[in-house]
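I have placed the structure first, in the form of structure tokens, so that the comments after it can refer back to it.
So you know, we letter chains A, B, ... as the sequences are listed, proteins then strands, and number each from 1. Side chains are part of it too, since the values below use all heavy atoms of this structure and drop only hydrogens, waters and symmetry mates.
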Amino acid sequence: MGKKVRVRFAPSPTGGLHLGGVRTVLYNYLFAKKQGGDFIVRIEDTDQSRFVEGAEEYIFDCLKWCGLEPDESVQQGGNYGPYRQSERKELYRPYAEQLVKEGHAYYAFDTPEDLEKMRHESIPDQPHSPQYDHTIRMKMRNSLTLSAGETEKLLAEGANHVIRIKMPVNETASFIDMIRGEVRFDTSLVDDKVLLKADGMPTYHLAVVVDDYLMKISHAFRGEEWLPSAPVHILLWKYLFGLDQMPQWAHFPLILGPNGKLSKRDGAKYGFPVFAMSWTDPKTQERTEGFQEKGFLPEALINLLALLGWNDGTEQEIFTIKELIDKFSMERVHSAGAKFDYEKAKWFNHEWIKRSTVHSFQSTVKTLLAQNNITVSDDVMLDKVIGLVKDRCTLLPDFVQQSSFFFKSPETLDVDAVKPKWNEAKKLFFAELIRNYELSPDWLAQSLETNFKEIAAVNDLKPGELMLPFRIMLVGSKFGPGVFEIAEILGKEETGKRIHTALKIFG
RNA sequence: GGCCCGUUCGUCUAAGGGUUAGGACACCACCCUUUCACGGUGGUGAUACGAGUUCGAAUCUCGUACGGGCUACCA
């Protein structure tokens with residue numbers, strides 16, 4: 001023991017980073033930081049056919065936005081690079097060949113057509129699952145069925161070939177999952193996975209084991225979808241580096257959408273984002289909106305993701321990243337999959353908006369308003385407005401609706417809300433109100449309200465029937481903070497102006 | 001089909017043999033608010049099923065059912 005904690009997130013840069021990915025990063029990060037360990041990001045780009053322009057940088061942008069930055073990666077550098085598997089290509093073949101030499105793997109020369117044929121017609125008695133395993137490998141074209149001479153010759157000729165693991169028969173491969181406990185597999189039932197592809201690149205199976213070893217990874221965490229390939233990795237560890245060197249593993253429960261596993265392809269078709277940040281497919285130009293653009297605070301995203309599959313055993317639900325680091329433990333991660341609930345996600349965001357300081361929203365709100373052609377020149381006023389409205393905002397764009405009218409008089413007034421009960425007496429009231437307000441020695445919500453009610457009383461009118469019209473005059477519609485607080489921020493001149501304008505419209 | 005993982009309110013979850021099965025989101029009602037929210041109070045609502053172990057099971061075991069994942073020279 002005493003081994004330094006080193007964990008890694010190993011994404012394949014093929015598109016948007018979805019919720020499950022961010023949560024995997026998060027749990028890795030929390031675990032590492034709690035133990036004072038290192039968090040590494042390794043790019044798994046061994047499938048060149050799936051290369052997507054910009055995907056790698058996008059992933060790092062997402063991590064940065066989330067505040068989950070790695071200690072070592074393509075961008076940060078580090079002592080265990082390169083951190084991109086495509087740049088480590090030459091490194092893997094010797095391991096694969098060592099396995100062949102030791103009888104744990106073999107060369108296979110089957111063409112794609114051969115494989116296709118094998119899968120579709122070789123097993124008449126079984127309806128499914130023709131896999132390249134111990135029951136059929138002796139019927140295929142590989143170094144097990146070919147003579148040593150033939151094999152050598154083919155290799156010398158540069159024939160297309162892969163290296164496959166030779167799964168043993170009737171052995172049990174097992175490991176202790178930090179979340180699930182012991183998991184065991186019958187090796188006879190696992191197929192001979194390709195380790196080294198025809199283009200010389202390793203598959204995930206070989207690369208993950210070799211790199212985890214070389215990068216001294218102490219704990220390897222990944223999604224539950226990887227559990228079935230665990231026996232392959234266990235055997236590779238056993239053959240290559242020794243089981244005692246194998247990192248401790250944990251497989252996280254899946255995050256489910258409405259129809260099973262959350263998938264990148266489903267984009268925002270669920271009615272909620274699945275990506276951390278917006279992603280535009282460089283080929284189709286199809287853009288999928290992310291949590292950031294939807295108006296989520298990174299703190300909220302982190303918080304809600306942390307609670308999707310983990311809790312600290314108390315009833316606390318709002319956690320800062322610092323608290324999460326402090327309290328996280330792998331043993332408390334749930335083993336069952338969790339369906340994502342967008343309503344609850346929004347609740348988390350609302351809570352975070354309420355808890356964040358007024359100042360933290362200043363530039364965001366300014367930008368949001370600018371996008372709606374509203375220029376804010378008075379920062380003091382802006383802060384007051386934010387303070388007044390932030391509790392009513394669930395998503396960041398809600399600030400637009402909630403604060404626009406402070407900076408720009410309403411374009412339309414909800415006349416219908418006023419008209420039916422509008423009369424001469426009320427009209428006279430507001431005329432008098434303007435005169436009174438003109439003379440007001442101060443301009444505070446409190447005194448504005450007092451005066452308002454006094455005038456109403458003198459004219460024998462119910463304040464309640466006057467406040468809605470007043471609100472419509474100032475806001476244009478039936479929402480927003482208290483009217484007198486709005487009037488205070490608007491100021492004497494602007495308030496008077498809006499009453500005037502409205503009076504003309506109401507008739 | 002095979003293999004693997006899983007199963008507590010609609011959703012996220014707590015309860016690691018003894019609780020009126022707790023909380024949160026959502027929903028409903030009431031209060032607060034002379035707008036809309038916030039907030040407060042209360043309510044509806046769950047241990048998939050069947051055996052077994054035990055004085056006692058949501059909790060341990062087995063079976064069944066259901067759900068999910070994997071089953072590529074993708075990760």
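- Within a 6.0 Å sphere centred on NZ of A:K354, heavy atoms belonging to other residues, nucleotides or ligands number more than 12.
- Between the CD1 atom of A:I486 and the P atom of B:U34 there is a distance of 13 Å, given to the nearest Å.
- When the P atom is compared between B:G45 and B:C38, the two are found 25 Å apart, to the nearest whole Å.
- Among the atoms of the strands shown, none is found under 4.0 Å from any heavy atom of A:P253.
- The environment of A:D460 atom CG is sparse: at most 12 non-hydrogen atoms of other residues, nucleotides or ligands sit within 6.0 angstrom.
- Across all strands shown, A:T14 has no heavy atoms under 4.0 Å from either base or sugar-phosphate atoms.
- Using a 4.0 Å heavy-atom cutoff across all strands shown, A:H350 reaches sugar-phosphate atoms only and no base atom.
- Looking only at distances, a side-chain donor or acceptor of A:Y437 sits under 3.5 Å from a matching main-chain atom of A:L448.
- Residue-to-nucleotide proximity on RNA chain B shows that, of A:A198 and A:R23, the 5′-proximal contact is made by A:R23.
- Counting only distance, with no hydrogens or angles, the side chain of A:D177 and the backbone of A:L227 share no donor-acceptor pair below 3.5 Å.
- Partner assigned to B:G45 is none, using Watson-Crick or G-U wobble distances below 3.5 angstrom.
- A glycosidic torsion no more than 90° from 0 defines the syn conformation; B:C49 lies beyond that range and is anti.
- Look at A:K197 and you'll find a side-chain N or O under 4.0 angstrom from OP1 or OP2 of B:C74.
- Among the heavy atoms of the strands, none lies under 4.0 Å from A:R222.
- Rounded to whole angstrom, the span from the CG atom of A:L461 across to the P atom of B:U34 amounts to 18 Å.
- Rounded to a whole Å, the CD1 atom of A:I255 is 11 Å from the P atom of B:C12.
- Taking the six-membered ring for Trp and the full ring otherwise, the centers of A:Y107 and A:H161 sit less than 6.0 Å from each other.
- A:K426 places its NZ atom 17 Å from the P atom of B:U34, with the value rounded to the nearest Å.
- Side-chain contact annotation: A:D414 with A:S477, donor-acceptor N/O pair under 3.5 Å absent.
- Residue A:V208 is classed as having no contact, given no heavy-atom separation below 4.0 Å to the nucleic acid.
- Between A:E317 atom CD and B:U11 atom C1' the separation is 12 Å, expressed in whole Å.
- A gap of 23 Å separates the C1' atoms of B:C9 and B:G50, to the nearest Å.
- Between B:C12, B:U35, B:C73, one nucleotide has an atom nearer to the side chain of A:K339 than all others, and that is B:C12.
- By the neighbour-count criterion of 12 heavy atoms within 6.0 Å, atom CD of A:E53 is sparsely surrounded, having that number or fewer from other residues, nucleotides or ligands.
- Contact annotation for A:K354: backbone-only contact, meaning every heavy-atom pair under 4.0 Å involves sugar-phosphate atoms and none involves a base.
- Contact annotation: A:R50 side-chain N/O to B:A75 OP1/OP2 distance is not under 4.0 Å.
- Contact annotation: A:N311 does not reach the phosphate of B:U13 (side-chain N/O to OP1 or OP2, under 4.0 Å).
- When the C1' atom is compared between B:A46 and B:U41, the two are found 24 Å apart, to the nearest whole Å.
- Rounded to whole Å, the C1' atom of B:G23 lies 7 Å from the corresponding atom of B:A14.
- Across the P atoms, B:C49 and B:U11 are found 15 Å apart, a figure rounded to whole Å.
- Nucleic acid contact for A:E224: base, since at least one base atom lies under 4.0 Å from a heavy atom of the residue.
- In this structure, the CG atom of A:D133 is 15 Å from the P atom of B:U71, given to the nearest Å.
- Base pairing of B:C62 is made with B:G50, judged by Watson-Crick or G-U wobble geometry with both donor-acceptor distances under 3.5 Å.
- The separation between A:L196 atom CG and B:A72 atom C1' is 16 Å, rounded to whole Å.
- Relative to the ring axis of A:W422, A:K419 does not place its NZ or CZ within 45° and under 6.0 Å from the centre.
- Taking atom CD1 on A:I353 and atom P on B:C38, their separation rounds to 13 Å, with Å as the unit.
- Ranking B:G68, B:C70, B:C73 by closeness to the A:T203 side chain, first place goes to B:C73.
- Using C1' as the reference atom, B:A15 and B:U8 are 10 Å apart when rounded to the nearest Å.
- Counting non-hydrogen atoms under 4.0 angstrom, A:G309 reaches the backbone sugars and phosphates but no base.
- Residue A:F185 is in sugar-phosphate contact alone, with no base atom involved, counting any heavy-atom pair closer than 4.0 Å across all strands shown.
- Checking B:G39, B:U71, B:U7 against every side-chain atom of A:K193, the shortest atom distance belongs to B:U71.
- Taking the P atom of each, B:U34 and B:U7 are spaced 50 Å apart, rounded to whole Å.
- For B:G10, the paired nucleotide is B:C25, the pair qualifying as Watson-Crick or G-U wobble because both relevant distances are below 3.5 Å.
- In terms of polar N and O atoms assigned as donor or acceptor, the side chain of A:K344 comes within less than 3.5 Å of the base of B:A24 in a complementary pairing.
- Under the 6.0 Å distance and 45° angle rule, A:R164 counts as a cation-pi partner of A:Y132.
- Remark: B:C70 base-pairs with B:G2; criterion is Watson-Crick or G-U wobble with both hydrogen-bond distances under 3.5 Å.
- At B:A15, one or more side-chain N or O atoms of A:R332 fall inside 4.0 Å of OP1 or OP2 (strictly under the cut-off).
- A sub-4.0 Å separation between OP1 or OP2 of B:U34 and a side-chain N or O of A:K453 is absent.
- The 5' end of RNA chain B is approached more closely, in terms of each residue's nearest nucleotide, by A:W310 than by the other of A:W310 and A:K478.
- In a base pair of the Watson-Crick type (N1 to N3 plus N6-O4 or O6-N4) or a G-U wobble (N1-O2 and O6-N3), with each distance short of 3.5 Å, B:C38 is matched with no nucleotide.
- Partner assigned to B:U20 is none, using Watson-Crick or G-U wobble distances below 3.5 angstrom.
- B:A15: no Watson-Crick or G-U partner with both key distances under 3.5 Å is found in any strand.
- Shown here, B:A75 forms no base pair; nothing in the strands shown gives a Watson-Crick or G-U wobble contact with both key distances under 3.5 Å.
- Considering only the side chain of A:S12, B:A75 comes nearest among B:G39, B:A75, B:C73.
- Atom name P, nucleotides B:C60 and B:U44: the rounded distance is 29 Å, in whole Å.
- Looking only at distances, a side-chain donor or acceptor of A:R88 sits under 3.5 Å from a matching main-chain atom of A:P82.
- Phosphate contact (OP1/OP2 of B:U7, side-chain N/O of A:H334, threshold under 4.0 Å): absent.
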